[in-house]
Amino acid sequence: MTVSGPNARGVFITFEGGEGTGKSTQVRLLVERLNALGLQASATREPGGSEGAERIRGLLLDPDHPRFGATAEALLFYAARADHLATLIRPALARGEWIVCDRFSDSTRAYQGALGRLPAATVATLEGLVVGDSGPDLTILLDLPAEIGLARAAARRGAAAGDGFEREPSAFHAALRKAYLDIAAAEPARFAVIDAQGDVDAVAAAVFAAVRSRLHQRLAVSA
Ligand code: Z5A
């Protein structure tokens with residue numbers, strides 16, 4: 001089922017949070033649940049999600065290259081986002097579909113803005129230019145003490161080399177958690193903050209409860 005009538009634009013949900021907080025896992029589970037309800041929903045991710053953006057992802061997350069500075073990173077993330085929006089997100093929303101995205105603009109606000117010290121006004125200018133009125137209807141912030149997320153990500157990675165973000169010290173990841181909570185507190189109508197310490201099923205239940213509570217009119221189902 002797609003969305004029709006006065007709410008012809010689809011629904012855009014983003015997941016945010018630090019490393020290893022379970023975003024990819026929960027994006028997949030939410031899309032499966034929406035599809036099971038008969039809704040046309042797809043998962044995507046940033047950086048990436050479209051062919052051009054995936055190429056830029058390769059530059060940004062190259063384990064053999066140190067991190068670019070915050071300005072270069074913001075421009076690259078926004079170049080990728082422009083392609084992702086133009087080729088995948090906006091067309092899907094125009095068809096009335098649901099898009100569930102693993103990271104989006106709030107990642108740039110947190111990583112390049114708050115942590116990279118790029119002025120908030122600069123990040124806001126890029127966001128206005130590229131995203132405009134195509135921002136998310138709901139953003140789920142998966143909140144977890146940094147050390148738990150880092151341990152989960154390290155266990156999954158095994159012996160593989162981490163990228164430049166994963167090699168940041170633990171103080172970086174703790175500051176990132178606070179930055180995300182500050183961003184969410186400034187926009188409580190858009191954000192749902194979920195405690196991600198529970199097991200996968202418990203977190204998935206909390207995520208769906210937030211979707212149902214915030215988007216019940218768009219869901220139009222009794223789940
Ligand atoms: N970045 C940026 O700086 N600016 C931007 O604008 C954007 C991004 C868009 C992308 O990294 C990097 O780019 C990211 C920010 C930066 N840097 N970092 N760090 P990525 O896409 O490669 O990785 P990530 O976004 O950080 O996600 P992740 O590390 O892959 O983690 P995750 O998606 O949140 O978690 P997961 O893969 O679902 O789960 C991790 C492991 O934990 C896995 O083994 C799961 O099975 C397990 N897991 C999941 N949930 C649970 C629960 N509930 N309990 C126990 N174990 C669990």
Side-chain angles (χ1 to χ4, degrees), residues 14-32 43-50 53-54 56-63 65 67-85 89 100-118 122-124 126-127 130-131 135-136 139-158 160-170 172-177 179-180 183 194-207:
T14 58
F15 277 73
E16 296 281 357
E19 193 187 347
T21 49
K23 299 176 297 301
S24 312
T25 303
Q26 295 300 329
V27 164
R28 178 176 54 77
L29 292 174
L30 178 59
V31 166
E32 284 175 9
T44 187
R45 69 171 182 181
E46 290 211 345
S50 60
E54 289 291 334
I56 298 170
R57 179 185 175 93
L59 291 175
L60 281 160
L61 303 185
D62 181 350
H65 192 282
R67 283 188 61 184
F68 293 92
T71 303
E73 280 183 358
L75 293 170
L76 286 166
F77 279 115
Y78 263 104
R81 188 161 298 136
D83 188 74
H84 190 202
L85 278 160
I89 296 174
V100 184
C101 189
D102 187 344
R103 294 193 180 281
F104 194 66
S105 293
D106 297 301
S107 287
T108 318
R109 293 185 187 187
Y111 283 82
Q112 285 69 48
L115 274 290
R117 301 192 185 284
L118 201 61
T122 304
V123 179
L126 290 171
E127 192 172 320
V130 173
V131 179
T139 298
I140 307 278
L141 173 59
L142 296 181
D143 179 54
L144 195 61
E147 62 273 16
I148 299 179
L150 289 171
R152 285 183 188 173
R156 184 201 47 197
R157 193 164 60 243
D163 59 45
F165 293 93
E166 292 162 339
R167 291 196 292 265
E168 292 286 0
S170 57
F172 173 96
H173 294 279
L176 183 72
R177 181 188 188 194
Y180 264 124
I183 292 168
I194 304 281
D195 180 351
Q197 292 187 72
D199 65 24
V200 169
D201 290 344
V203 177
V207 166

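Bear in mind the structure is a predicted one, so any value in this text is a computation, not a measurement. Counting convention: from 1, in listed order, for ligands and their atoms alike.
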State, to 0.1 Å, how close L61 and P47 come at their nearest heavy-atom pair, and which atoms those are. CD1-CG, 4.4 Å

Shortest non-hydrogen contact from V131 to L85? CA-CD1, 3.9 Å

Protein heavy-atom partner closest to atom 29 (O) of ligand 1 - residue, atom, separation in Å: E19 CG, 3.2 Å

Hey, is D199 touching ligand 1 through its side chain, its backbone, both or neither, going by heavy atoms under 4.0 Å? backbone

Please identify each residue that fulfils salt bridge (Lys or Arg N to Asp or Glu O under 4.0 Å) with R28, with sequence neighbours left out. E32

Which donor-acceptor pairs under 3.5 Å do side chains of residues 70-82 form with protein atoms, sequence neighbours excluded?
unit_1, atom_1, unit_2, atom_2, d
E73, OE1, R67, NH2, 2.7
E73, OE1, Q112, NE2, 2.7
E73, OE2, R67, NE, 2.8
E73, OE2, R67, NH2, 3.3
Y78, OH, R81, NH1, 3.3
Y78, OH, S105, OG, 3.2
R81, NE, E46, OE1, 2.6
R81, NH1, T108, OG1, 2.8
R81, NH2, E46, OE1, 2.9
R81, NH2, F104, O, 3.3
R81, NH2, T108, OG1, 3.2

Is T108 in polar range of ligand 1, meaning some N or O pair under 3.5 Å apart? yes

Close N or O approach (E46, ligand 1; < 3.5 Å): no

L142 versus Q26: any side-chain heavy-atom pair under 4.5 Å? yes

For the residue pair Y180 and Y111, does the interplanar ring angle fall in the parallel (under 30°), tilted (30 to 60°) or perpendicular (over 60°) class? perpendicular

Can you check which of F165, F68, F172 brings a heavy atom nearest to atom 18 (N) of ligand 1? F165

As a test of understanding, state which of R157, R152, R167 forms a salt bridge (Lys or Arg N to Asp or Glu O under 4.0 Å) with E19. R157

Before signing off on this row, confirm whether D163 and ligand 1 have an N or O atom pair separated by under 3.5 Å. no

Heavy-atom closest contact (A174 atom, A146 atom, distance): N-CB, 3.7 Å

With nothing but distance in play, are any N or O atoms of V203 less than 3.5 Å from an N or O of ligand 1? no

Top protein contact for atom 35 (O) of ligand 1, by heavy-atom distance: G22 N, 3.1 Å

List the closest protein heavy-atom neighbour of atom 15 (C) of ligand 1: residue, atom name, distance to the nearest 0.1 Å. Y111 CZ, 3.4 Å

Under-4.0 Å protein heavy-atom contact, atom 6 (O) of ligand 1: yes

4.5 Å side-chain heavy-atom contact, V203 and L29: no

Would you name the heavy atoms of L115 and A175 that are closest together and state the gap between them? CD1-CB, 3.8 Å

Side chain or backbone, does R103 bring an N or O within less than 3.5 Å of an N or O on ligand 1? yes

Just heavy atoms, cut-off under 4.0 Å: does R81 contact ligand 1 by side chain, backbone, both, or neither? side chain

Say whether G20, considering both its backbone and side-chain N or O atoms, lies within less than 3.5 Å of an N or O atom on ligand 1. yes

Closest non-hydrogen contact found for T44 with G49 is OG1-CA, 3.3 Å

To check you understand the geometry: which heavy-atom pair defines the closest contact between D102 and S24, and what is its length? OD2-OG, 2.8 Å

Who's the nearest protein heavy-atom neighbour of atom 33 (O) of ligand 1, and how far? S24 OG, 2.5 Å

Run the salt-bridge test on R177 and E147 with the 4.0 Å N-O cut-off and return the result as yes or no. no

Nearest non-hydrogen protein atom to atom 13 (O) of ligand 1, with distance, is F77 CZ, 3.8 Å

Is R152 in polar range of ligand 1, meaning some N or O pair under 3.5 Å apart? yes

Report the nearest protein non-hydrogen atom to atom 12 (C) of ligand 1: residue, atom name, distance rounded to 0.1 Å. L61 CD2, 3.9 Å

With only distance considered, is T25 within less than 3.5 Å of ligand 1 through an N or O on each side? yes

Protein heavy-atom partner closest to atom 40 (C) of ligand 1 - residue, atom, separation in Å: R156 NH1, 3.7 Å

Ligand 1 contact on R57 by region, counting heavy-atom pairs under 4.0 Å: side chain

Using a 3.5 Å cut-off on N or O atoms only, is G198 in polar contact with ligand 1? yes

One thing to verify: whether R109 and E16 come together as a salt bridge, which I'm taking to mean a side-chain N less than 4.0 angstrom from a carboxylate O. no

Show the atoms of ligand 1 that are less than 4.0 angstrom away from any heavy atom in Q112. 2 (C), 3 (O), 4 (N), 5 (C), 6 (O)

The protein heavy atom nearest to atom 34 (O) of ligand 1 is K23 NZ, 2.6 Å

